[in-house]
Amino acid sequence: MKIYFASLSPCNTRKVNARQIIDFIKSCGHEILENPKGADMIFVWGCGFRNDWREFTFAVIRELKQIYKSSKIVYTGCIFPGKFAESIKKELDVEVIPWKDATKKIEKILKEKTKDLYSQKLNLIEDKIVDNLEEYRKANPHAKVWFEDEYIKLNICEGCRGYCTYCSEKLMFPKFRSFPEEDIINQCKELMKKSNSKKVLFLSDSSGEYGKDTNSSLPKLIKRMKDEIDKDINFGITQINPEHFWENKEEMFALVKDGTIEYMNLPIQTANDKTLKLMNRKYNSQQIKFLFDKFKEYGFKNYSTHLLVGFPGEEEKEVEENIALLSNYQFRHIIVSAFMNHPAIEASKFENQISDEDKKNRVLHYSQKLSEKGITVHSDLGGISNRMMENIRIKLDIPLKNI
Ligand code: SF4
């Protein structure tokens, strides 16, 4: 078959999974096209976690159906499974395969009887895109690049073993697994022979849990990569839950202090103990303060965190307390996002839901107050950037007039 694969995913972490499906399709003898014209089948990898991206993905699928009438459309990616996927299938009248259930269903739709997607070797690594982000942006003002693109990106594990009550992503993930350490080491070794970068960014949904299922750990992996690949590698780490940093704190602090870890994303969501409990986050405000005080003591500022605003029961004094605490520290940036409700998540059943208007005002309040303290804030009130839409319109050759 002639197959076109449209990846409408806003995050770097899922690229490895889209790559795996594309490699699997090729390994089954099908041709991957450069654009959707003449495709027998069009796969759309979309993001069902964020409301804005979900609506955008649906709009793209509707337009693809209108224009490429003879192509079979398959919607896959981060999608709520079960009855939610069934209702999307009815609404869009396309095949819907949540990534969580991709194994077996992708084989079936490709009529593949001998190979299975799960055994398809994962291409875990992607070379850096830019040497220096600021210089690149000056030279290419419309380029869609982010500081993560200064790094070699290396996926180390997928899924998560946590049960945060606000989390919808977890419901879309397959079972947690660390990727084979030999593959991580060998693929990084191979790429670094060609790349002039020694900066590696670990991508995952829950980096701190790496190795829990393979008798390894994040500090062990880092030490092994420095021993076996290059002693001068510096690491960036995405999505490390403070709970898991704490579990390995002596080793992790040592790696921060000696500069081996040069960037970290450590989502705290809030520093309010009552709300952390309701969120089912396994750390408290004292531990957050201890972590940030240590980073301050080491002069380590190149870390970011997330604040989740408008969680059910959140009081305005909690917002002020968080601002007061965070104003004592320096961050690379803070991402402030509004709590996104969905019937599939536990917190949707909690009392004291906060109105969208109040959530929006609190996000803006955080943004203003923290910016006044010199902290870079990325406030996420949803919405797809025009630049992103333009990129996808051109790539798919569709008008995107229904957006
Ligand atoms: S740790 Fe992150 S991915 Fe895991 S359940 Fe919590 S919010 Fe979701």
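If you're wondering where the values come from, they're calculated on a predicted model, not measured in any experiment. Remember, it's 1-based here, ligands and their atoms both numbered in the order they're listed.
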Asker: Are there any protein N/O/S atoms under 2.8 Å from atom 4 (Fe) of ligand 1, and if so, which?
Answerer: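 The answer is Cys160 SG.
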
Asker: Using the ring centroid of each side chain, check whether His342 and Phe84 are separated by less than 6.0 Å.
Answerer: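 Here the rings of Phe84 and His342 have centres that are less than 6.0 Å from each other.
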
Asker: What's the spacing between Ile61 CD1 and Ile88 CD1 if we round to 0.5 Å?
Answerer: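 Rounded to the nearest 0.5 Å, the CD1-CD1 separation comes out at 8.5 Å.
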
Asker: Would you compute the distance between atom CD of Gln120 and atom CD1 of Ile106 and round it to the nearest 0.5 angstrom?
Answerer: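 Answer rounded to 0.5 Å: 11.5 Å.
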
Asker: Heavy atoms only: which of Phe49, Phe173, Tyr166, Phe176 lies closest to atom 7 (S) of ligand 1?
Answerer: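 It is Tyr166 that holds the nearest heavy atom.
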
Asker: Which residue and non-hydrogen atom of the protein lie closest to atom 2 (Fe) of ligand 1, and at what distance in Å?
Answerer: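 That would be Arg281 NH1, 4.3 Å.
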
Asker: Measure the acute angle between the ring planes of Tyr263 and Tyr151, then classify it against the limits of 30° and 60° as parallel, tilted or perpendicular.
Answerer: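 Rings of Tyr263 and Tyr151: tilted, 30 to 60°.
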
Asker: For the CD1 atom of Ile261 and the CZ atom of Phe235, what is their distance to the nearest 0.5 Å?
Answerer: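 Between Ile261 CD1 and Phe235 CZ, I get 8.5 Å after rounding to 0.5 Å.
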
Asker: Tell me whether Gln269 reaches ligand 1 (any heavy atom closer than 4.0 angstrom to a ligand atom).
Answerer: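 No; Gln269 lies far enough from ligand 1 that no heavy-atom distance drops under 4.0 Å.
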
Asker: Checking salt bridge (charged side-chain N to carboxylate O under 4.0 Å, His left out) for the pair Lys212/Glu247: CA distance, chi angles, key distance, verdict?
Answerer: CA-CA 12 Å; Lys212 286 195 171 186; Glu247 286 165 356; 2.9 Å; yes

Asker: Kindly assign one of parallel, tilted or perpendicular to the pair Phe311 and Tyr166, based on the angle between their ring planes and the thresholds 30° and 60°.
Answerer: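 Aromatic pair Phe311/Tyr166 classed perpendicular.
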
